[in-house]
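A short write-up of the structure that comes next.
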Amino acid sequence: NTATGIGGGGGISNTAGLLNLINTSFTENSATGLVGGGAISVFGNSILNIVNSSFERNSAVSDGGAIFNEGSTLNLIATAGNQTIFTGNS
């Protein structure tokens, strides 16, 4: 997936909402516009919770190869036997 506009987020763009990602994979997404976040962009008082997910080979021309966060809460939640992995994002 590729986001070419202002909002970024090749996989997901979230504005002012709650987003829970559990056991999710984001691979080879890109953002080529003014705002980054190859896989995910979050803005404006959003809450993003990520549990046991992977981000691999995502890219952005500007900021955040995997995730771009502006003014939001980002929680990487680790539980026994679960982890979130970031590999090869740029």
Side-chain angles (χ1 to χ4, degrees):
N1 300 310
T2 301
T4 58
I6 294 173
I12 296 173
S13 182
N14 184 36
T15 303
L18 171 62
L19 180 59
N20 294 309
L21 300 174
I22 302 168
N23 299 324
T24 308
S25 295
F26 291 88
T27 304
E28 295 183 0
N29 297 286
S30 63
T32 60
L34 297 175
V35 175
I40 301 172
S41 288
V42 289
F43 299 93
N45 242 0
S46 295
I47 298 173
L48 173 58
N49 298 312
I50 302 174
V51 180
N52 193 35
S53 297
S54 64
F55 294 82
E56 299 179 67
R57 298 181 309 278
N58 298 287
S59 63
V61 171
S62 59
D63 303 310
I67 300 171
F68 176 82
N69 178 13
E70 184 174 293
S72 299
T73 300
L74 171 61
N75 298 305
L76 298 175
I77 302 166
T79 59
N82 294 312
Q83 61 183 339
T84 294
I85 300 170
F86 293 86
T87 306
N89 299 287
S90 60

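Values reported hereafter were calculated over all heavy atoms of this structure, with side chains retained and with hydrogens, waters and symmetry mates removed.
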(request) Please report the shortest heavy-atom distance between G65 and N89, naming the atom on each side. (result)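 G65 and N89 have their closest heavy atoms at C-CB, 4.2 Å.
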(message) Looking at every heavy atom in both R57 and T27, which two are closest together, and how far apart are they?
(response)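 Here R57 and T27 meet closest at NH2-CG2, 3.3 Å.
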(message) In this structure, would I50 and F68 fall into the same cluster of hydrophobic residues linked by side-chain contacts under 4.5 Å?
(response)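 Each belongs to a different hydrophobic cluster.
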(message) Using the rule that Ile, Leu, Val, Met, Phe, Trp and Tyr join whenever any side-chain heavy atoms are under 4.5 Å apart, tell me whether I77 and L48 fall into a single cluster.
(response)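 No.
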(message) One pair to check against side chain to side chain contact (heavy atoms under 4.5 Å, CB included): T79 and N52. What are the steps and the verdict?
(response) CA-CA 8 Å; T79 59; N52 193 35; over 6 Å; no
(message) Taking side chain to side chain donor-acceptor pair (under 3.5 Å) as the definition, give me every residue that meets it alongside D63, ordered by chain and number, with sequence neighbours left out.
(response)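 For D63 there are no side chain to side chain donor-acceptor pair (under 3.5 Å) partners, ignoring immediate neighbours.
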(message) Can a donor-acceptor pair be found, under 3.5 Å and without considering hydrogens, that links the side chain of N23 to the backbone of V51?
(response)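 No; zero donor-acceptor contacts below 3.5 Å.
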(message) Main chain of S72, side chain of S46: is a donor-acceptor contact present, judged purely on distance under 3.5 Å?
(response)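 It does not hold such a pair.
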Nearest 0.5 Å, what's the [atom1]-[atom2] distance between [X] and [Y]?
X   : Y   : atom1 : atom2 : answer
I85 : F55 : CD1   : CZ    : 11.0 Å
T2  : E28 : OG1   : CD    : 10.5 Å
N29 : N58 : CG    : CG    : 5.0 Å
F26 : N1  : CZ    : CG    : 9.5 Å

(request) Verify whether one side chain among S59 and S90 offers a donor that lies under 3.5 Å from an acceptor in the other. (result)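 Not at all, the side chains of S59 and S90 share no donor-acceptor pair under 3.5 Å.
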(message) Does either side chain, that of S54 or that of S25, offer a donor lying less than 3.5 Å from an acceptor on the other one?
(response)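 Yes - a donor-acceptor pair under 3.5 Å links their side chains.
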Just list the side-chain donor-acceptor pairs under 3.5 Å for residues 36-43, sequence neighbours left out, or say none.
unit_1: S41; atom_1: OG; unit_2: G7; atom_2: O; d: 3.3
unit_1: S41; atom_1: OG; unit_2: G9; atom_2: N; d: 2.9
unit_1: S41; atom_1: OG; unit_2: G36; atom_2: O; d: 2.6

Mind listing the side-chain donor-acceptor pairs of residues 12-22 below 3.5 Å, one per line with the distance, residues two or more places apart or on another chain?
unit_1: N14; atom_1: ND2; unit_2: G17; atom_2: O; d: 3.3
unit_1: N20; atom_1: OD1; unit_2: N49; atom_2: ND2; d: 2.8

